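Reviewing the structure listed below.
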Amino acid sequence: MKQKSNFTFLLSYAKNEKYKLYLSAFLSVCSSILMVVPYVLIYNIILELLKTDINFNRIKSLAIYTAILIVVRLILFILSGVFSHVAAFNILYNIRMQTVKHLGNINLGYFREKNIGEIKKAINEDVEKLENFLAHQIPDLAAAITTPIVLLVFLFFLEWRIAIFLLIPILLAILTQIAMFKGYGKRLDKYNSLLQRLTSTITQYIKGMNVFKAFNLTAHSFKKYIDINNKYTENWHNMTDDFKNPYGIFLAVVDSALIFVIPSGGYLYLTNKINISTFLIFLLLSYTFLTSLKTLMQFGGTFSFVLAGANNVRSIIEFPIQNEGKNLKDINFKEDISFNNVTFSYDKNDVLKDINLILKPNTITALVGPSGSGKTTIAYLLGRFWDIQKGSIKIGNIDIKDIDVNYLLSNISYVFQDIFMLTDTIFENIRMGLDKTKEEVYQAAKDAEIHEFIMSLPNGYDTIIGDGHIKLSGGEKQRISIARCLLKNSPIVVLDEITAYSDIENEAKIQNAIRNLLKDKTAIIIAHRLYTIKDVNNIVVLNEGEIVENGKHQDLITKEKGLYKHLWEVK
Ligand SMILES: Nc1ncnc2c1ncn2[C@@H]1O[C@H](COP(=O)(O)OP(=O)(O)OP(=O)(O)O)[C@@H](O)[C@H]1O
């Protein structure tokens with residue numbers, strides 16, 4: 001069921017290219033039919049040669065026809081390939097364009113939670129698998145279906161008394177195929193899910209190598225890896241066990257043509273019921289005929305893998321896109337930002353419940369609360385990383401759903417704990433494609449307290465950072481990321497837990513950088529270290545997705561049994 005719909009999904013991207021694929025399949029069918037004709041001609045040549053008065057002219061013309069047909073067949077075969085390749089590349093182009101376009105319309109939150117490797121694999125490898133399927137397998141399949149049918153009809157036509165015996169191996173081949181593919185869909189689903197888990201566990205292991213090393217965990221003692229690897233191997237064993245008998249029989253059957261042809265054909269020949277030419281053609285063609293069934297079976301296997309890949313592409317394309325609003329621009333961001341009865345869930349459970357909150361322009365609001373209480377989610381919702389299900393978030397009187405999302409994001413600066421660095425110079429890592437001068441970049445770096453450090457590097461601002469180059473500490477990366485935001489100079493700033501891992505010296509510098517960044521900005525700070533936010537304009541205390549307290553540090557600290565007071569005391 002799932003496989004069928006994946007196939008329909010694939011075809012939906014074929015559009016007009018479908019006709020090229022049909023044409024390619026048709027040409028491939030014609031080419032397969034023509035494959036039989038030379039045999040017919042050879043059959044006639046042998047017949048002629050067996051005569052006592054050989055007509056050499058007839059043999060010559062038969063030979064010429066054979067040569068011409070072989071060339072025609074080749075031309076048809078090439079044309080079929082040309083059409084299927086042109087169609088395949090156009091379809092691939094459509095799918096890639098559509099996938100990338102769709103990615104541009106998905107909420108940003110998708111990219112923060114999704115494994116980028118999986119997205120890349122779907123767009124590159126899985127789409128590439130489709131090329132193989134469309135360009136090669138569709139014409140091959142058309143030929144694989146036609147060839148045995150045409151050959152069988154020809155053999156029946158030639159001598160039904162031998163051909164009828166070939167029905168026995170065909171029947172056996174079909175029965176073994178049924179036995180092999182019984183429950184194949186479920187097995188394949190299990191295989192794919194185990195493979196995915198294996199890949200993600202290995203990725204996790206590589207990503208967390210430093211932590212694993214610190215805990216002295218090797219690949220052998222990393223239980224999760226061992227478990228999934230064992231399950232994966234066991235599944236292969238089970239699949240091999242299930243397949244080995246029917247597959248063995250199938251292979252024997254498709255190679256068994258001579259067992260049926262020699263006794264039946266030999267008997268008919270020896271009793272003078274057929275001539276040697278018929279017998280020879282049978283010996284030759286019956287073998288080709290049965291082995292062409294192998295191609296059909298192999299096709300079944302690869303087809304399932306292609307469809308599994310199509311499913312990955314599909315999961316991207318069918319991911320819900322961001323709600324389209326009025327795409328307004330020219331908004332005054334120096335107005336109240338209000339969360340009005342906002343309720344939000346990632347899947348089933350509400351992680352924010354009926355949130356009402358006002359952020360005054362040019363003030364700092366800190367979100368505090370236990371882990372999982374919804375602080376980061378609130379920050380994400382302001383930038384439309386996700387769209388809310390109930391309530392509204394407004395800037396002044398304008399619902400953010402009606403603001404062009406790129407415009408909205410160009411007016412908010414996010415500084416996250418996990419900072420993305422381009423493999424590029426420090427200069428470009430601060431400038432991030434903005435149209436800013438060298439002086440402006442330097443000033444931002446100075447305000448972010450990172451200029452001196454950059455100048456101390458041998459290549460200064462031209463130092464390349466990232467994979468395989470200079471490594472920066474967490475605090476240095478954070479200050480670079482603050483420099484980016486200073487340069488961007490957006491009216492709204494969101495800081496997510498950014499002092500969490502810094503040492504004392506770094507933290508002092510980061511605090512200075514933050515002070516510079518937040519000057520005249522409307523800001524949200526998510527903080528666990530409460531002393532870093534005790535001077536902010538408003539502290540919002542969250543618990544299990546609800547606002548439980550709200551106010552200034554001095555007020556909250558005096559609230560008996562208050563959550564903030566408790567958090568402050570246990571800090
Ligand atoms: N992408 C997601 N999909 C599903 N659930 C999520 C997702 N992101 C967060 N959650 C869940 O939403 C709830 C709120 O998470 P959130 O990250 O907003 O909390 P937080 O207060 O910022 O936590 P922390 O202080 O640990 O960062 C948690 O229960 C979390 O498990």
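Nothing fancy with the numbering, it's 1 onward along the sequence. Keep in mind the model is a prediction, meaning the values are calculated, not measured. Heavy atoms only: backbone and side chains are in, while hydrogens, waters and symmetry mates are out. Atoms within each ligand, like the ligands themselves, are counted from 1 in listed order.
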message: For G374, state whether at least one heavy atom is located under 4.0 Å from any atom of ligand 1.
response: yes
- request: Give the numbers and elements of all ligand 1 atoms closer than 4.0 Å to a heavy atom of T377.
  value: 14 (C), 15 (O), 16 (P), 18 (O)
- prompt: Does the ring pair (Phe, Tyr, Trp, His ring centres under 6.0 Å) test come out yes or no for Y531 and W568, once each step is laid out?
  reply: CA-CA 8 Å; Y531 64 86; W568 179 260; 7.8 Å; no
message: Please compare W386, Y346, Y380 and report which has the shortest non-hydrogen distance to atom 7 (C) of ligand 1.
response: Y346
message: My understanding is that only residues two or more places apart in sequence, or in another chain, count here; which of them pass side-chain contact (heavy atoms from CB on, under 4.5 Å) with S193?
response: none
query: Going by the order shown, which atoms of ligand 1 are within less than 4.0 Å of some heavy atom of H528?
result: 25 (O)
query: Heavy atom under 4.0 Å from ligand 1: found in V351's side chain, backbone, both, or neither?
result: side chain
R197: salt bridge (Lys or Arg N to Asp or Glu O under 4.0 Å) partners, not counting sequence neighbours: none
query: Does ligand 1 have an atom that lies less than 4.0 angstrom from a heavy atom of P370?
result: yes
message: Between the side chains of R431 and E428, is the shortest nitrogen-to-carboxylate-oxygen separation below 4.0 Å, so that they form an ion pair?
response: yes
task: State whether a side-chain donor-acceptor pair under 3.5 Å links Y346 with T377.
output: yes
